[in-house]
Each structure stands twice: as C-alpha cells, then as structure tokens.
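In the text below, chain A, chain B and the rest are named by the order of the sequence lines, each starting its count at 1. Both backbone and side-chain heavy atoms feed into the values below; hydrogens, waters and symmetry mates do not.
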2 protein chains.
Amino acid sequence: MKISTKGRYALRVMIDLAINSNGKYISLKDIAERQEISNKYLEQIIALLNKAEYLETARGNTGGYKLSKQPKEYKVGDILRATEGDLTPIYCLTEDGKCNRQKDCKTYSFWKGLDNVINEYVDSKTLEDLIK
Amino acid sequence: MKISTKGRYALRVMIDLAINSNGKYISLKDIAERQEISNKYLEQIIALLNKAEYLETARGNTGGYKLSKQPKEYKVGDILRATEGDLTPIYCLTEDGKCNRQKDCKTYSFWKGLDNVINEYVDSKTLEDLIK
DNA sequence: GAATTCCCTACTAAATTAGTAGTATAATAA
DNA sequence: TTATTATACTACTAATTTAGTAGGGAATTC
C-alpha cells in the first residue's frame, strides 16, 4: 500500500513550480535538475498534470510550465488523484470491483471508512499548506 | 495505493474464525471453502497470522485454527500490518527509505500526516467492531 | 497405519512500476 | 529561413511485486 513515484514526483513538481514562479515559464529541464528526476520520466508525469489542466504551457525557446491557479486553489488530493489514479485502498470500492459477496461483507464498511479518512486528509491540504 | 489480497483475505479469515468459533478448531479447508480462497494461498496467509501469534493451532484429524484472543482484543491495524507488512504509504517514511533531501523536503510532514490518519483509523477498529 | 490436518520452501505467471527511447511539433532568435 | 530549444506523443522494456501453484514433510487422530 504505497503511493508511487508518479504521485510523489507530481507533488514535488507542483511545489517546485509554486516556489520558483516568477511569472515566466519554467522549463521541464530546470525542474528535473532541481528535483533530480529523469527528464523523460518527468515528461510523462507533467503530461498527466497538464491533462488535468493544472498547468499553463508554452513551447519554444522561452517555453515551459507554470501553475494555472494559485497554490491555495490546488487540493493535494486532486494532484494525487490526477497522477496516481484513484486513492481507493481497496479494489472492491471501485466501480469495476463490485463483488457478489458485497451484500453481507463484514469488511466493506471498514474499508469504506479507511477510504474516507484518506481522501478527507489529502483534500484538507492545499499546495499552499505544503509550501509554508 | 492498494491493500493487497494478503491483508484483505487475512481480515476475512479472522472474521470467519470469530463468527464460526464453537470452541473447536476450524480447519483451513473449511475457511477456504467459505471464503472462496485457494487452499494453498490461504496457507501462506494464515502462516503470517500464526507467526504473529494471533491463532491457536492443532494438527491431525480434528485440527485447525482458532483465535487466541477475544475479537475485541485484535486491532484491525495489527492484523493488516502482520500480513501486509507496514501500512506506510510512502517509502521515505520507512527505516530504509530515508533520503538526503529529507532535511528540507516540503512533502515530508504531509506524508507523515497521511501515515498518521491511516494508522489511527485502522487501530481504532477491533475485530469485534467488524462483526457487529 | 491410513487419513487428515497443519507446516515449510521453492517456483512461476501476470500485472504493475519506473523508467528509456525516438520522433514529431511548435516557437523563438540569429 | 534555419538552427536551436522547448513541449507533445507513443512505443518499448527491465525490475519488482502480487497472487498465486506445487510438492514435500511432520503431527495427530481414528
């Protein structure tokens, strides 16, 4: 039960962008260097953040990325879900995972509760909270 | 970020033992049948619970397993940790996972907090809670 | 002593994770 | 207009983890 590098790196990227923002676009290369993450792998992670419309991007010589919102407007939970997929700790709780034992499953509500505390926690923190 | 079958099955085994307890030993075969889990795989899971001294066992014809304590004396968290390994959602928080960026890591305390809510939740529930 | 049970270790197929690699596309600046 | 620098997209791959299988052996009871 681990958060993968995708979620962890994504969070670091977002923090990096928040801290180093100066109005200009910040290149992937710069982020990768500061964060010591492979260029090519970071591309894929940023692609996920981009698809979720968390970033503004520009190509070309002065291109790069910047946050599309204020740090306090990003819930950490949203960043993680965009990169990790869902944070549901149990397959049974997902849409595809419904099983025929569910009706009298003694563990279901326990797992549901775990899912709740996890999501409530990650959604209670914003990017701004992490920076300070 | 998922709980594996080991933890999920282990919890179902413990509940099965709690519900079907009648003073006698309950065979792995019976549990496996009721829970629709492969005999051989279940053996391995039970071995972990056994190693943690959560079960009493007996061999031979009337042998099997029973709980070594009352249901309310088992924290669900303990059952999961015995079978899943630790529940720490981030490698960095474990003994082996300390990294050289930790001193000014902006995410560390966030992850620590997540670790806390998870462990507090699973430790707040006992086997008895799940049965009722 | 045959049947039934737990005990222990090794192996393996499938899925997931953590990347590499290569190419195309867009923008800028000389 | 062309070289340079950047993002965008897709395919592939090595390593690890997960979810089991398989095959003995040892204890106990009938």
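Contact annotation: B/Ser4 side-chain N/O to D/dT17 OP1/OP2 distance is not under 4.0 Å. Proximity of A/Asn50 to the phosphate of D/dT7: no side-chain N or O atom is located under 4.0 Å from OP1 or OP2. The side chain of B/Thr57 places no N or O atom within less than 4.0 Å of a non-bridging phosphate oxygen (OP1 or OP2) of C/dC6. Between B/Tyr9 and D/dA19, a side-chain N or O to OP1/OP2 separation shorter than 4.0 Å is absent.
Salt bridge present: A/Arg81 and A/Asp78 bring a charged side-chain N and a carboxylate O closer than 4.0 Å. With respect to the salt-bridge test (charged N to carboxylate O, under 4.0 angstrom), the residues B/Lys106 and A/Asp16 do not qualify. A salt bridge is defined here as a Lys NZ or Arg NE, NH1 or NH2 lying under 4.0 Å from an Asp or Glu carboxylate O, and B/Asp129 with B/Lys75 fails to meet this definition.
Nearest to the side chain of A/Thr62, among C/dA29, C/dA18, D/dA19, sits C/dA29. In this structure, the nucleotide among C/dG22, C/dC6, C/dC8 sitting nearest to the side chain of B/Ser27 is C/dC6. Taking the side chain of A/Ser38 as heavy atoms from C-beta on, and the options D/dT28, C/dA18, C/dT20, the nearest nucleotide is C/dT20.
Put simply, NZ on B/Lys24 is 19 Å from P on D/dT28, counting in whole angstrom units. Straight-line distance from the CD1 atom of A/Ile3 to the P atom of C/dA18: 11 Å, rounded to whole Å. Look at CD on A/Glu56: it is 12 Å from P on D/dA8, rounded to the nearest Å. Summarising the geometry, the separation between CG on B/Leu42 and C1' on C/dC7 is reported as 14 Å, rounded to the nearest angstrom. If you take NZ of B/Lys2 and C1' of C/dT16, they are 12 Å apart, rounded to a whole angstrom. Nucleotide C/dC8 holds its C1' atom 12 Å from the CG atom of B/Leu48, rounded to whole Å. Atom CD of B/Gln44 is separated from atom C1' of D/dA22 by 11 Å (rounded to the nearest Å). Between the P atom of C/dG19 and the NZ atom of A/Lys6 lies a distance of 11 Å, rounded to the nearest Å.
Remark: the B/Glu43 side chain and the C/dC6 base include no donor-acceptor N/O pair separated by less than 3.5 Å. For a distance-only test at 3.5 Å, the side chain of B/Lys40 qualifies as a donor-acceptor partner of the base of D/dG23.
A donor-acceptor pair under 3.5 Å is formed between the side chain of A/Tyr74 and the backbone N or O of A/Lys69.
When the nearest nucleotides of DNA chain C are assigned to A/Asn39 and B/Arg59 by heavy-atom distance, the more 5′-ward of the two goes with B/Arg59. Position along DNA chain D of the nearest nucleotide to A/Ile46 versus A/Asn61 favours A/Asn61 as the more 5'-ward residue.
Across all strands shown, A/Ala47 has no heavy atoms under 4.0 Å from either base or sugar-phosphate atoms. Contact annotation for A/Leu28: backbone-only contact, meaning every heavy-atom pair under 4.0 Å involves sugar-phosphate atoms and none involves a base. Across all strands shown, A/Tyr65 has heavy atoms under 4.0 Å from sugar-phosphate atoms exclusively, and none from any base.
In this structure, the ring of A/Tyr65 has its center no less than 6.0 angstrom from the ring center of A/Tyr54. In this structure, A/Phe110 has its ring center under 6.0 Å from that of B/Tyr121.
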